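Read through the structure below, which is laid out as structure tokens, and then see the notes.
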Amino acid sequence: MARVRLKNLTKHFGDVVAVDDVTLDIADREFLTLLGPSGCGKTTLLNMIAGLESPTVGEVWFDDRNVTAVAPERRDIAMVFQTYALYPHMSVFDNVAFGLKMRGVPAEDRKRLVLEASKTMEIEHLLDRKPRALSGGQRQRVALARAIVRDPGVFLLDEPLSNLDAQLRVVMRTELKRLHGELDMTFVYVTHDQAESLILSDRIVVMKDGQIQQIGTPETIYDSPANTFVAGFVGSPPINLLKGTLEQSAGGAWRVVGKGFGCDVAASIVEQMETPEGREVYLGVRAEDIGVGEVLAEGSTSGKSNVDLTDIRATVVVREPMGSDLYLTVDVGGSNVKVRTRPDVRFDRGDSVELSFDPKKIHLFERESGESLVPDR
Amino acid sequence: MTRTRDFLPLLLNLPAVILLVAFIAYPIGISFWMSLHRYNLRRPDQVYFHGLENYATILASPEFWNALWISLYFTFMAVLLVIVIAMAIALLLHESFRGRGVVRALLLIPWAIPGVVNGLMWVGLLGDYGAFNAMLEDTVATVNYLFGINIVYTGMASPFVALNAAIGAHVWRSVPFACIIFLAAIQAIPTEQYRAARVDGATSWNRFRFITLPWLYHAVLVVAIFETMNGFRAFDLIYALTGGGPGDATHVIAWQTYKEAFARLDFGGANAYSYLITLITMTLAIIYIRLLYRRGLVQG
């Protein structure tokens, strides 16, 4: 158990700023995910929490202890690496027991603890094997057993599932969630897989270029992205971003109008802006928040009944059936827009369709800065 | 057409095959055949087949056993020192420091020096007027003075000094090659292994013992095989540095072979010596490889 606080952490590698002034408070027993693309600084940040990298500036605190200058072996942490980092010349038992041996735990206790951890990770039958005789999933379980056997306060995981195939990843994801529920540990998890982060985390920290873009629960990150980067990175398929301009109609209603589309905007959003008229924005709308219907007559559609405002004409470019869903890529005024709909929808390539955006679900971002103009939902 | 196509690959390989047969297979074969003959150039009229007689004579001769023990000592010390020194240097060169690239390049110089040149260079250092010789002489004089004892220093005239000086010169020349192999092996160890070990609480000594060393078993074995063979075959250095002396102090087995062939002109005996050296080095290589298999480091 440990609360982890990062205070203004910065890490330079020569001229490169890998982590830039990160301040973060991770609660005891929280499952926190550092999410971002390659090179965003998430692993460097994790390494600084582990003590494997020293910060150029800033401090790392575990509970009330400043551990910035404390060596990894004295930090009460365990770590699982992307490549598992199992010792190839040792048996599974010796791999799991290694940390205990290095800490001078007597042989009898070592055996008991290794057996306990092996039971938790269901690898009792593999204890005599060498790592090379294990499958990817089994290696992952051994790596997890090696980490939990010492009962550390903080559990650090660096992309632990990225070397597994898709099916096994789903299994191990569930396993990790179960493990977090069973153990009294703070989990800090690094991944570039947004789906993993949404499923596993209590909170997600989205990073880019060494800086935090947004911190929030999976729901907040998904429903109220702070900027176009977060909106685009979290969610599959990525959010649709359309260039547009805010305009006020004669009746006083606000709309975003762009090439080939127009979409009503709630007054509550516009009210917060100083000069909304003519403002250049990105309209963000997720694939599942778009209704698609047949073109019946000018200005009307069939399709989703909860969407009442639309005048968006589009042409189907690609049809991608995914079993439970159907993805359509449609052309709106020269931009591609992804739409998720029911699998029984029969539209195909070349069909003309009408789209409807749910005004309650749209996102508006400042064109220049990419920052969100919509208050948190 | 088909016949031409079948014939062409053979034809293209023919030059290489001829060269291999002429310069490798034939000498190996003729050498073995000669080892089964009485073949002394002092008595060219008395060349005749006499089976394993040469081998029996060698195995019964005290010269052979003396040369074998000197070779074993030479090889054992050389292998041990090369592995220890080369590993230490490789570990140092793996660390990052200013000028590391230059040091790595400089390290190769001893390796590039031919054995005879190396021997002559060490003659300069260890000869009567050599710097090392003077240092050793002064050291012995100081020890004598400090402890009130009387060790007589005779330099390269001492069998002990001559043999160990030869080992030193051999090691000096062999370290770079071993060092490169170790350095390559160290660089292949994934960084995450060390990171995992640090998180597991391993001290730097334990990281060396439990991570670096096991990862280097293979490289150590390769170096051991190479150096064992080099040690048993050491000749050019001995020829230039000690000339086999003083007395028979540096009569390694390769020197003995040379003596049989070019001093006694007994080509039958010399070839038998060569085959015995081959047999010994092959036996040792097989033992090493068996050890490697037993450790499970090589996929069977």
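No experiment lies behind these values; they were computed from the predicted model shown. Below, each value reflects all heavy atoms present in this structure, side chains not excepted, and no hydrogens, waters or symmetry copies. We name chains A, B, ... by the order of the sequence lines, and we start the count at 1 in each one.
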Roughly how far apart are B:Arg198 CZ and A:Met102 CE, rounded to 0.5 Å? 15.0 Å
Taking atom CG as the centre, does A:Asp64 end up with more than 12 heavy-atom neighbours from other residues, nucleotides or ligands that are less than 6.0 angstrom away? no
If you draw a 6.0 Å radius around CZ in B:Phe226, do more than 12 non-hydrogen atoms from other residues or ligands fall strictly inside? no
State whether the number of non-hydrogen atoms from other residues, nucleotides or ligands found under 6.0 Å of B:Phe76 atom CZ is greater than 12. no
With a sphere of 6.0 Å drawn around CD of B:Gln187, does it hold more than 12 non-hydrogen atoms of other residues, nucleotides or ligands? yes
Can you find a heavy atom in the side chain of A:Pro88 that is under 4.5 Å from one in the side chain of B:Gln193? yes
Is there a donor-acceptor pair under 3.5 Å between the side chain of A:Glu73 and the backbone N or O of B:Asp200? no
Residue part contacting chain A, namely of B:Phe210, when any heavy atom lies under 4.5 Å: both
So, for A:Tyr87 and B:Ala196, which heavy atoms are closest and what is the spacing to 0.1 Å? OH-C, 3.3 Å
With a sphere of 6.0 Å drawn around CG of A:Asp128, does it hold more than 12 non-hydrogen atoms of other residues, nucleotides or ligands? no
B:Val199 and A:Arg150 have their tightest heavy-atom pair at O-NH2, 3.3 Å
Would you say B:Phe97 has more than 12 foreign heavy atoms packed within less than 6.0 Å of its CZ? yes
I need the A:Asp158 CG to B:Glu192 CD distance, nearest 0.5 Å. 6.5 Å
Which heavy-atom pair separates B:Arg195 from A:Asn47 by the least distance, and what is that distance? NH1-ND2, 2.8 Å
Atom CZ in A:Phe81, atom OG1 in B:Thr191: separation rounded to 0.5 Å? 10.0 Å
Whatever's closer than 4.5 Å to a heavy atom in chain B on A:Leu86 counts as backbone
A quick test of your reading: do over 12 heavy atoms of other residues, nucleotides or ligands sit less than 6.0 Å from OH of B:Tyr55? yes
